[in-house]
Amino acid sequence: MTALPEKTDKKLGLVIDLDTCVGCHGCVTACKGWNTQNYGAPLSDQDAYGADPSGTFLNRVFSYEAEKTGCASQTVHMPRSCLHCEDAPCVTVCPTGASYKREEDGIVLVNEDRCIGCGLCAWSCPYGARELDREAGVMKKCTLCVDRIYNENLPEEDRVPACVRTCPSGARHFGDLGDPDSDVSKLVADRGGFDLMPDLGTKPVNKYLPPRPKDQLDTAPLNIVADEPKGFLGWLDKALDKL
Amino acid sequence: MHPAPSVIIFTTFSGLGFGLLAWLGFGIPDVGGTTLFAFFFIAYALAVGGLLSSTLHLANKKNALYAFSQWRTSWLSREGVAAVVTLLLFGLIALARIFLGAEMTFSGAVGSILALITIFTTSMIYTQLKTISRWNQPLTPVLFMLHAIGGGALLAGEAKIAGVLLAALAVVMWLHWQQGDARAANRGTLGDATGLGHLGEVRMFESGHTGGNYVLDEMVYRVGRKHAQKLRMIALGLGAVLPAAILLLTPAGHVTAFIALALHVVGTLVGRWLFFAEAEHVVGLYYGK
């Protein structure tokens with residue numbers, strides 16, 4: 001079971017637009033909410049109202065700052081969750097067969113009835129996408145909301161992952177990245193979508209769209225207006241120095 | 001990486017136990033009866049004790065039996081299967097040799113090879129991880145094997161063989177650190193990890209969480225790196241150099257062998273703690289660490 005399928009019929013995944021993401025953490029909250037009440041063990045919190053709260057999350061948003069010498073810095077918000085890799089190392093290391101990749105759509109899931117909580121899959125993941133739930137003792141990870149996307153009890157517009165449905169800036173897209181004609185594949189092609197840490201050979205399905213190039217003002221920020229004032233300002237400068 | 005005591009005890013003592021079994025299977029030392037019983041008892045106590053300890057860090061022990069099912073793909077599963085097969089086979093060999101006085105040359109050799117395979121599978125659990133470049137190198141299995149057969153030879157009372165193997169271990173420990181340091185230094189930057197390097201120098205502005213989490217606790221453990229150099233010298237001195245010197249330079253005897261063994265075990269525990277504690281996981285890059 002922990003052998004990876006040779007190929008999957010679909011490659012369902014997310015495309016995350018780093019240009020549009022405003023870092024509101026709405027996706028984090030929506031994910032926690034949905035996945036605490038649905039598929040598998042709830043995402044527990046420890047010491048939630050105490051001095052040292054922590055908890056299990058399947059999606060977290062990090063904010064980074066990039067700066068080129070002489071330019072103003074640029075803030076980029078980067079949500080990170082499971083990338084549903086084609087060569088998922090977390091699947092093959094699993095000793096119990098709990099960690100598996102679905103042949104029909106490529107979603108990587110954990111069968112909690114087989115998981116022993118050894119944590120080796122989390123060690124093998126470069127992206128920190130798996131967290132062991134301290135309450136249930138089983139490994140938790142993004143399910144791509146497998147209990148939403150095929151759920152015919154939900155209105156059609158809700159049949160996308162909770163993070164995608166909730167994103168107020170439209171920075172998250174869901175679809176079949178194995179189909180070159182799908183909207184998400186076209187988006188990736190148009191915007192130069194990229195993989196996280198491709199050299200580790202995991203072949204992530206999820207893609208990130210880079211921030212669009214920004215204009216740069218050609219004046220350096222906050223130059224001192226006048227180092228050696230002349231005229232009236234010069235007189236005032238000298239007069240004040242003498243006081 | 002978080003140095004879980006259960007895993008340090010497991011790799012150290014199981015390694016010694018299977019190392020001793022590997023020698024016993026080849027008929028070394030050439031003893032029988034009660035003496036042989038004592039040797040097998042020590043080997044089983046170490047191997048089984050270590051394996052039981054390894055289950056202590058499982059968060060969901062009730063599913064433990066499934067861990068024997070995925071030997072086709074998982075090194076951890078292979079380790080479990082190899083350990084159980086080895087222990088079962090040596091159980092029969094030990095009974096036949098102790099109580100029936102049988103030679104068991106062929107099955108003993110098979111058992112020894114299985115014991116060596118078990119040690120190798122243990123080492124591969126760590127070596128396979130591309131996310132921890134310090135471990136993902138060919139010397140990691142050599143390090144584990146030399147620890148096990150060197151310590152095993154010491155337990156088997158083969159002072160001179162143990163001395164030579166521990167001297168080799170000293171060299172491999174040092175090389176493993178050199179290689180590991182080079183690999184860890186090459187694991188990239190925050191710019192590489194985020195794919196944002198083309199925008200300039202990337203630094204963390206705000207973490208995804210203000211509290212702790214499993215990923216930080218487990219994979220961004222940094223205490224070991226502060227005293228890494230001193231701990232390396234302690235592990236190298238106690239685990240390999242001193243016992244090798246004692247075994248090779250003094251006449252063989254129970255007292256010297258016991259001192260060498262005690263030093264070796266303490267040094268190995270320190271070295272194994274450091275093996276985990278100083279290992280850098282690539283996910284640390286996303287935290288700017």
Side-chain angles (χ1 to χ4, degrees), chain A residues 1-4 18 23 28 52-57 60-69 71 73-76 78 80 89 91-98 113-120 122-128 130-132 134 136-138 194-197 200-201 208 210-211, chain B residues 1 55 57-80 125 128-132 188 190-219 281-283 285-288:
Chain A
M1 214 173 187
T2 53
L4 287 161
L18 300 178
V28 178
D52 187 22
S54 65
T56 315
F57 287 79
R60 298 185 188 257
V61 181
F62 290 72
S63 299
Y64 298 107
E65 221 175 17
E67 187 174 3
K68 270 192 185 134
T69 328
C71 299
S73 67
Q74 180 176 357
T75 310
V76 181
M78 178 174 267
R80 223 159 7 86
V91 169
T92 47
V93 299
C94 176
T96 67
D113 293 331
R114 285 179 85 106
C115 177
I116 53 174
C118 69
L120 193 59
W123 286 19
S124 76
C125 172
Y127 311 108
R130 289 175 168 242
E131 299 190 13
L132 188 85
R134 314 261 192 195
V138 293
F194 65 94
D195 291 342
L196 288 189
M197 297 205 260
L200 288 174
Y208 284 85
Chain B
M1 304 302 291
T55 63
H57 89 287
L58 300 182
N60 199 16
K61 296 178 188 59
K62 69 178 192 306
N63 289 336
L65 276 183
Y66 288 120
F68 297 104
S69 67
Q70 303 299 313
W71 48 270
R72 279 184 302 254
T73 48
S74 163
W75 282 107
L76 181 50
S77 189
R78 285 171 196 160
E79 202 267 346
I125 297 171
Q128 68 175 335
L129 296 169
K130 284 185 190 161
T131 47
I132 304 161
L190 181 53
D192 302 330
T194 54
L196 298 173
H198 62 283
L199 297 176
E201 176 146 2
V202 182
R203 58 180 177 262
M204 176 174 269
F205 181 64
E206 198 173 13
S207 171
H209 44 101
T210 51
N213 78 343
Y214 176 76
V215 173
L216 276 182
D217 291 350
E218 193 76 3
M219 282 164 270
H281 193 287
V282 77
V283 78
L285 292 176
Y286 286 110
Y287 290 88

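Remember, it's a predicted structure, so these values are computed and weren't measured experimentally. Throughout, protein chains are lettered first and strands after them, A, B, ... in sequence-line order, and every chain is numbered starting at 1.
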Q. Are Tyr64(A) and Tyr286(B) close enough that their ring centers fall under 6.0 Å?
A. no

If I take atom [atom1] from residue [X] and atom [atom2] from residue [Y], how far apart are they, to the nearest 0.5 angstrom?
X	Y	atom1	atom2	result
Leu129(B)	Cys125(A)	CG	SG	11.5 Å
Leu196(B)	Met78(A)	CG	CE	4.5 Å
Lys68(A)	His198(B)	NZ	NE2	7.5 Å
Glu218(B)	Leu132(A)	CD	CG	8.0 Å

Under 4.5 Å from a heavy atom of chain B, the part of [X] involved:
X	value
Pro126(A)	both
Val76(A)	side chain
Glu67(A)	both
Arg80(A)	side chain
Tyr127(A)	both
Ser73(A)	side chain

What part of [X] gets closer than 4.5 Å to chain A, counting heavy atoms only: side chain, backbone, both or neither?
X	result
Leu58(B)	both
Met219(B)	side chain
Leu216(B)	neither
His281(B)	side chain

Could you report the tightest heavy-atom contact between [X] and [Y], atom names first, then the distance?
X	Y	value
Tyr214(B)	Ala122(A)	CE2-CB, 3.7 Å
Glu131(A)	Val215(B)	CG-CG2, 4.0 Å
Met197(A)	Val282(B)	SD-CG2, 3.7 Å
Leu196(A)	Thr194(B)	CD2-O, 3.8 Å
Leu76(B)	Cys118(A)	CD2-SG, 3.8 Å
Gly212(B)	Ser54(A)	O-CB, 3.3 Å

(Q) Contact between Trp123(A) and Met1(B) at the side-chain level, heavy atoms closer than 4.5 Å - yes or no? (A) yes

(Q) Within the 4.5 Å heavy-atom criterion, are Asn213(B) and Arg60(A) side-chain neighbours or not? (A) yes

Q: Tell me, yes or no, whether the heavy-atom count around Glu201(B) atom CD, taken from other residues, nucleotides or ligands under 6.0 Å, exceeds 12.
A: no

Q) So which of Leu65(B), Ile132(B), Asp192(B), Val283(B) has the biggest tally of heavy-atom pairs under 4.5 Å with chain A? A) Val283(B)

